[in-house]
Amino acid sequence: WVVSFVLAASFDAGAEGYLPKDRPVEEIISWVRAVAEGEMVISPRIAKALLSQLDEQGGEGSMPDLTTDELEVLGLFADGQRIEEVAETLGIHASTVCTITASILMKLQRF
């Protein structure tokens, strides 16, 4: 719950990405560049924590109901893929991945 609350609050405040500060400098620089190019980024560790919370809640209403597509995208983020890689894996356009990601974030902000 805490992870999803912090993530939702961060994006609600205007964040375009969320990466823990304990990551290697090279990774942080890469993700900052990705955000500067218009990507939304969520670290694999955060995505895994969100998926874990969804599993633990088991649809009890304290976490948002995510569609199959949203769960799939979140799972690929948890595997460490970035937007372009998710798009390639799923055979969809990167803008569609961004739309799905925005939907996930909107649902997180509402609970």
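One-based numbering along the sequence shown.
A donor-acceptor contact shorter than 3.5 Å is absent between the side chain of Glu37 and the backbone of Ala34. A distance-only check finds a donor-acceptor pair linking the side chain of Thr101 to the backbone of Val97 [under 3.5 Å].
Here the OG1-CD1 distance, from Thr99 to Ile92, works out to 9.0 Å after rounding to the nearest 0.5 Å. Remark: Glu88 CD to His93 NE2 distance equals 12.5 Å, nearest 0.5 Å. Here CD1 of Ile83 is found 10.5 Å from CD1 of Ile100. Values are rounded to the nearest 0.5 Å.
Taking Glu70 as the reference, Lys107 meet the salt bridge (Lys or Arg N to Asp or Glu O under 4.0 Å) condition, with sequence neighbours excluded.
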Run the side-chain donor-acceptor check on residues 72-81: report pairs under 3.5 Å with partners two or more places apart or on a different chain.
from	atom 1	to	atom 2	distance (Å)
Gln81	OE1	Val86	N	3.3
Gln81	OE1	Thr89	OG1	2.9
Gln81	NE2	Thr89	OG1	3.4

